Amino acid sequence: VQLGDARPARPLVTGLAEHYTPAELEGRLVALVLNLKPAKLQGAESACMLLAADAPGQRPPVLLVAPPAAAQPGDPVLAHGQSPPPAAPA
């Protein structure tokens, strides 16, 4: 996964192959969790987690959490009504 800023790309393993083609994912903005320890999934290292939700009865049955168009790399993911954390002192 290319993070869109100066940080190097990270390997990402998902179970989305049966729901999305590589072309449907290429260049798409998605929400990721990056503060996880790398883990072996399906025999490969994954260093982040893609946020998605079950959507039974829809096609595809798994929907990706899409950030707003104005989102920037590193923006926090917040629940509806949640306030962002205070900025860290410089």
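In this chain, residues are counted from 1 in sequence order. None of the values given here were measured: they were computed from a predicted structure.
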Please answer whether the main-chain N or O of Val62 pairs with a side-chain N or O of Tyr20 as donor and acceptor at a distance below 3.5 Å.
yes
Within a strict 4.5 Å, meaning less than it, do heavy atoms of the Pro84 and Leu78 side chains meet?
yes
Pairwise distance NE2(His19) to CD(Glu24) - rounded to 0.5 angstrom
11.5 Å
To the closest 0.5 Å, what do you measure between CD (Gln58) and CG (Leu63)?
5.0 Å
Cluster overlap Leu25 with Leu34, hydrophobic side-chain contacts below 4.5 Å
yes
How far does CG of Leu41 sit from CG of Leu12, to the nearest 0.5 angstrom?
9.0 Å
Minimum heavy-atom distance between Glu45 and Pro11, given as atom pair plus value:
O-CB, 3.4 Å
Closest heavy-atom pair, Val77 versus Gln82, reported as atoms and distance to 0.1 Å, is O-OE1, 4.4 Å
Does Leu50 share a hydrophobic cluster with Val33, counting links as ILVMFWY side-chain heavy atoms below 4.5 Å and allowing steps through other members?
no
Validation row: Leu32, Met49 side chains within 4.5 angstrom (heavy atoms):
no
For Ser83, side chain to side chain donor-acceptor pair (under 3.5 Å) partners two or more places apart:
none
Quick check: does any side chain N or O of Arg10 sit under 3.5 Å from a backbone N or O of Ala47, one acting as donor and the other as acceptor?
yes
Same cluster or not: Leu36 versus Val65, using hydrophobic residues (I, L, V, M, F, W, Y) connected whenever any side-chain heavy atoms lie under 4.5 Å apart?
yes
I'd like to check Leu51 versus Leu64 (side-chain heavy atoms, cut-off strictly below 4.5 Å). Are they in contact?
no
Is the backbone N or O of Ala23 less than 3.5 Å from a side-chain atom of Glu26, with the two atoms forming a donor-acceptor pair by type?
no
